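Keep in mind the model is a prediction, meaning the values are calculated, not measured.
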There are 2 protein chains.
Amino acid sequence: MHTIYLVDDEVNLNRVLVKYLEQEGWQVKSFTSGEAAASAIIEKPDLWILDIMLPDVDGFQLIKRIKAHDETTPVIFISARDEDIDKIIGLEMGSDDYIAKPFLPRELVIRVKKILARTYVTPKTGVIRYGDYTIYPEKRIIEENGQEIDLTSKEYDLLILFATQIGTPMSREQILISVWGDDYFGSDRVVDDLVRRVRKKLSKLELETIYGIGYRLVAA
Amino acid sequence: MHTIYLVDDEVNLNRVLVKYLEQEGWQVKSFTSGEAAASAIIEKPDLWILDIMLPDVDGFQLIKRIKAHDETTPVIFISARDEDIDKIIGLEMGSDDYIAKPFLPRELVIRVKKILARTYVTPKTGVIRYGDYTIYPEKRIIEENGQEIDLTSKEYDLLILFATQIGTPMSREQILISVWGDDYFGSDRVVDDLVRRVRKKLSKLELETIYGIGYRLVAA
DNA sequence: TGATTCTCCCATAATTTTGCGGAAATCCTT
DNA sequence: AAGGATTTCCGCAAAATTATGGGAGAATCA
């Protein structure tokens, strides 16, 4: 689940936007002042939505501090003033998108979805962290506190499948197709076996069995 | 089939729009006054189309009452005045779309289609909120104030059935088919049992029994 | 080729969920 | 308020699903 931090001093709009964003299942925290938002930068939300005009610390200063803290955090600007828009577009503010007031809340939701998709659909490139484990998908390596753990190829396939779908239950059918391919005709039970092996090697991985459904990796 | 309620006091436009909407196979009811429309809110159409300028109760008041009755009902505004449009977009009107007069009827039809598709085709993507509960259908998870509650697979199937059909009474027959499949030949009584178990685990879920009929999930 | 590892499968045990009978409680009708 | 129908509740047994240990065959690698 993604966390989104919203900064806007118009309390009404703020409240509405929070409602819409939460409707999508995101965890939202909202701020009405730039100063309050600034002190939350260390909490590293997955995305920021910033109004430019704020009573104290304005959006431009905020984005600088956000990006200074973590260059990759996506930011969406919202603003009413045309000159601001020009500034956002013209300068290299590092903003990932902007939206001019007035706008429909669902328009904002659409943009957030796009950006999150762009940022998180490609976890293949980055590393995945899960508790003490660090997974390097492209290298097919998993470390526990820097100590590499040996996995066989199927074990690794399974790990990646779950690690990229944390929280989502996977049926044996889905697992078979993903790990063995759709031309496998043996028994379902090999999945149990593979799960057993992975559990044994990665004891801190919460691979939960969902009776009658399949398995799921519980969020760390 | 979807039911659409249209509110516009211009009788000519009203008639034309009804024709176009019915052309799509939707069941349309039209009103020329806000008061008449207001008393039809309890009929829960799938979508409302509201003109803002009405002789008596205006569109803004109407949407408040519609959303108060059921937060999720989609609403499309139509209006001629620019200032209205600004109001719709900017403020927390909860409108799902708007369209400025004059417009082509088929433009309206397109927007209605989009919204219906969004609302009904993808109930799986969004989360469902019911009082303190948050349901993540695709993850087969339900949380009460962030605290996950364990459900068995049939219990979850039942929950989803009701949660996606809030307010609609379901017969035992329907529940059997939906949860057990149409090839189940045991007794009806298992439904009672399942309902009992779900009630026990989710005590704040208002699963009302309708004597002689079945059960219904009362809106939170 | 031989040794080692990996994968698959089977049988059995352990676990979880579900079904069912009957009694108690509740609801509706008269 | 009584009586019949319906629903709820309870606990246990049956059924379904999953975990586990062990062994055979396949693949891999030196």
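In summary, R65(A) and D70(A) do not engage in a salt bridge, as defined by a charged side-chain N under 4.0 Å from a carboxylate O. Using a cutoff of 4.0 Å between basic side-chain nitrogens and carboxylate oxygens, K201(B) and D150(B) are not scored as salt-bridged. Ionic pairing of E144(B) and R129(B) is not present here: no N-O contact between side-chain nitrogen and carboxylate oxygen is shorter than 4.0 angstrom. One finds no salt bridge joining K154(A) and D157(A) here, because no Lys/Arg side-chain nitrogen approaches an Asp/Glu carboxylate oxygen to under 4.0 Å.
Side-chain atoms of I142(B) and T134(B), non-hydrogen and from C-beta on, never get closer than 4.5 Å to each other. With a 4.5 Å cut-off on side-chain heavy atoms, L47(B) and T73(B) do not count as touching. Taking 4.5 Å as the limit, every side-chain heavy atom of Q147(A) sits out of range of all side-chain heavy atoms of D132(A).
Of the residues L159(B), L158(B), T152(B), the one that meets the side-chain contact (heavy atoms from CB on, under 4.5 Å) test with Y156(B) is L159(B).
As a whole-Å value, the separation of D188(A) CG from dA19(D) C1' is 15 Å.
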In 5'-to-3' order, the base (B), backbone-only (S) or no-contact (-) status of each nucleotide in nucleotides 5-14 of chain D, using a 4.0 angstrom heavy-atom cut-off, is BSSBBB----
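Nucleotides of DNA chain C that come within less than 4.0 Å of any heavy atom of chain A span, from the 5' end to the 3' end, dC6(C) to dT17(C).
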Start with the C-alpha gap between I49(B) and L21(B), add the side-chain angles, then the distance that decides, and say whether side-chain contact (heavy atoms from CB on, under 4.5 Å) holds.
CA-CA 11 Å; I49(B) 299 168; L21(B) 294 168; 3.9 Å; yes
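For Y130(B) and F162(B), the distance between ring centers is not under 6.0 angstrom.
Taken over five-pair windows at either terminus, the axes of the helix from dT1(C)-dA30(D) to dT30(C)-dA1(D) are inclined to one another by 40° (rounded to 10 degrees).
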